[in-house]
Amino acid sequence: MASNYASEFRTCGTTGLKVHLPAERLFYVNAVTAVVALLVGGIMAILIALTRWPAVHLLPADLFYRFLTAHGLNMLVFWIVFFEMAGLLFASTAVLGSRLPAPWFGWLNFCLMLVGALITNYMVFMGQADVLFTSYPPLKAHPHYYLGIILFAVGTLLACFHFMATLVIAKKEGYHKGSYPLFTFGILIAVILAIFTLLMGAATYLPTWLWAMGLIDGINPAMYRLGFWGFGHSAQQINLAAMVSIWYLIGTLSVGAVPINEKFSRGAFLLYLLGINVASVHHLLVDPGLSATYRIFNTSYILYAATIGSMIHAFSIPAAIEVAQRAKGFTNGMFEWLTKAPWGNPAFAGMALSIVIFGFGGGVTGVTQGVEQINIMSHNTLRIPGHFHVTVVGGTTLAFMALTFYVLPLVMRRELIGKSFAKYQPWIFAIGICIMSTGMSFAGILGVPRRHYDVTFSSAIFQVPFSATATTMLGLLGLGAIIAFTGLLIFCLIAALTAFFGKRIPPNMELHHPPHIGEDSASVAPAQA
Amino acid sequence: MSVFVPEKYWWKPLGPDERLWLWVCVATAVVLSLMMPLYNLLGHQNPSHESYQITPEKFNELTEKFVSENTVREEIVKQKFGATEIEKKIPVVRPALGVKDVYLRARAWEFYPILELEEGREYRVHMSSMDYQHGFSLQPQNINFQILAGYDLVVTLVPRESGEFYVICNEYCAIGHHTMIGKIIVKNKEE
């Protein structure tokens, strides 16, 4: 049966994976769309960051809130989800050596997502939806804004089902035997989380859409918040599962790391599945309407279950890398395996930085802010964006960028343009994000609110005397944003130039010399032919 | 490898390092889990407020009654709209002796009224919104609560420090969000 499709496959010369060509084309369009969304979101990011820097205060108020809306949507939703769709295709087809069951269906859900993203973006930029990413009612956007998001979500949901169907086909038609590889397993967890999340999103956005069209009288704001965060935070768990899977994948591709104990790693993924959906209530810790018992239960017992999952990965990924490196002969002292790691390989450096930033920056701030009493001091202050910029940007986005440096030569079969820039890109981006998040977090600790146009209150009835330290921290935010934006631009340039003008690599050519003993680790960059 | 099929029986016991790490994590989680409810019993600053459903009309009525019965003076404030400057009068309300329930109304884009509280006295501060979602963010203390229309959030508090404090809105409430600010004055008993 499988042989009917033999002509639709090619074999990757580097990894030996069988790649289904129709799936690869879909992968390509999803990845390109993701990078476009990243660029749009990035331009919005630098503009709003320069507005929050009081010394610059770039934009007028209406544009600030409009661009903030566009920034949230394009970064947190469109960039990340389109990239994850590409990841789904890779995990289900290339990794399992399977064909995509119905390429037309893949195109259908891609088109739904694209149309949804375009409609939503259009409504935002036309000024019809200045409701910020959360669109808390009774703030009301144009009905098409919600329609765009619903279309996007339907497309994503269909893609999730397509992923499941591919797993079935892979077994049934004999492409794959035995357990799923860890990477596919992790992505499967992300998909299960995604289905739950999207249903929660439907329960939130559908009534809101009807309300915006005038068919429903009102939306209960507390109910909306519960539903929205059941969707919005669980969505971050999809990113988490996808990001951790990518860490494992890059570990394998760059140094040949093998998970030490599959049970340990897979169990950690299961904890994500069980823990986080209920823990999303930490967004409502200082809301009216919920009892203390409910909040404490959700944000301590349940939240920590998911945290233990991340702690396990924080142990097992570096351990896998260490074992792989030691097997190559880097056995001198405690840390030769680390110092001789392929730091010149942007994918490896990006992955390593992503682990450190996500774990130490994001994990620590997240767990502390999820504590009821600390949440009183952090709710809706800049401390919150200070937290999620080290998780979603310093963690997820950086990991996705790192993987792109493998995607370009392996999937798109183009030689990387600007290798020397690529080498520094993860560092520039990571340093920028760390400085920016530090600025945000400390400004937030000093009381500076998030999503606020003017903390000097120049057009308000009172002027709050925020300390000079707080102003300095906002300056740090702006400075970090400039550095991170530079890193983002380098990434987008390399990705675009390589995708369109990179030298074509013949299908079966070796791209990547597996590192071996005595070789200079810096020469193990993925794109070196 | 993470992209290749694991061996058939991958369900293996954890190694000693893995086991140790796991127990360290579990122990930390248990300690953290116990601290949150414990602090609710032992600590002074907890979000275990009361909340009730209330219509905006009813809350408005209660606020107006509270203001008309307890206003001590009016404060004249100035607000700039581009080149023009307008003056507003905002009542300063000092709850009479025995009045424990205090009302703070959030509306786009004002907190109403200005509260004048006494140091060391216990108050039940009711907060609700008339329209959008708003944020109560007391500065420089940095104490934050979410204010929703239709819900009466009651925070029981005892001011411990005299001076002037500001309430800034930290939930986006449309274009005038950044102009929304209120004031709470805390006086010594003698003043």
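Order of the sequence lines sets the chain letters (A, B, ...), proteins ahead of strands, with each chain counted from 1.
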Return the orientation label for the F315(A) and W21(B) ring planes: parallel under 30°, perpendicular over 60°, tilted otherwise.
parallel
For the interface with chain A, which of [options] has the highest count of heavy-atom pairs at distances below 4.5 Å?
| options | value |
| --- | --- |
| I181(B), V77(B), I86(B) | I181(B) |
| F136(B), Y52(B), F145(B) | F145(B) |
| I147(B), N142(B), T28(B) | N142(B) |
| S128(B), G182(B), C169(B), S129(B) | G182(B) |
| L32(B), I143(B), L153(B) | L32(B) |
| V26(B), T179(B), N144(B), D131(B) | N144(B) |

Which bit of [X] comes within less than 4.5 Å of chain A, counting heavy atoms only: side chain, backbone, both or neither?
| X | value |
| --- | --- |
| Y39(B) | both |
| E87(B) | neither |
| K183(B) | both |
| I114(B) | side chain |
| I90(B) | side chain |

Would you name the heavy atoms of [X] and [Y] that are closest together and state the gap between them?
| X | Y | value |
| --- | --- | --- |
| P37(B) | I296(A) | CD-CG2, 3.9 Å |
| E171(B) | N380(A) | OE1-ND2, 2.9 Å |
| P221(A) | Q133(B) | CB-NE2, 3.5 Å |
| G289(A) | S51(B) | N-OG, 2.8 Å |
| L14(B) | F264(A) | CD2-CD1, 3.6 Å |
| K80(B) | S459(A) | O-CB, 3.6 Å |

What part of [X] gets closer than 4.5 Å to chain B, counting heavy atoms only: side chain, backbone, both or neither?
| X | value |
| --- | --- |
| Y453(A) | both |
| S378(A) | backbone |
| I445(A) | backbone |
| S458(A) | backbone |
| F64(A) | neither |
| S179(A) | both |
| I461(A) | both |
| L96(A) | neither |
| V131(A) | backbone |

Within the structure provided, determine whether [X] and [Y] are in side-chain contact (heavy-atom separation under 4.5 Å).
| X | Y | result |
| --- | --- | --- |
| Y136(A) | C173(B) | no |
| P449(A) | I168(B) | yes |
| Y172(B) | T69(A) | no |
| L148(B) | R225(A) | yes |
| Y65(A) | H177(B) | yes |
| M311(A) | V24(B) | no |
| Q373(A) | N40(B) | yes |
| F466(A) | Q139(B) | yes |

When heavy-atom pairs shorter than 4.5 Å are enumerated against chain B, which of L446(A), L290(A), L132(A), V371(A) gives the highest number?
L132(A)
For the residue pair Y151(B) and N220(A), confirm or rule out a side-chain donor-acceptor distance under 3.5 Å.
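Side-chain D/A pair, Y151(B) to N220(A): present.
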Pair Q141(B), M377(A) - check side-chain contact (heavy atoms from CB on, under 4.5 Å), show working.
CA-CA 8 Å; Q141(B) 268 57 28; M377(A) 300 184 283; over 6 Å; no
Could you grab the distance from atom [atom1] of [X] to atom [atom2] of [Y], nearest 0.5 Å is fine?
| X | Y | atom1 | atom2 | result |
| --- | --- | --- | --- | --- |
| L382(A) | N170(B) | CG | CG | 10.0 Å |
| F462(A) | K78(B) | CZ | NZ | 13.0 Å |
| N261(A) | E18(B) | CG | CD | 4.5 Å |

Got a sec: does the CE of M35(B) have more than 12 other heavy atoms crowding it under 6.0 Å?
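No, because the 6.0 Å sphere around CE of M35(B) holds 12 heavy atoms or fewer from other groups.
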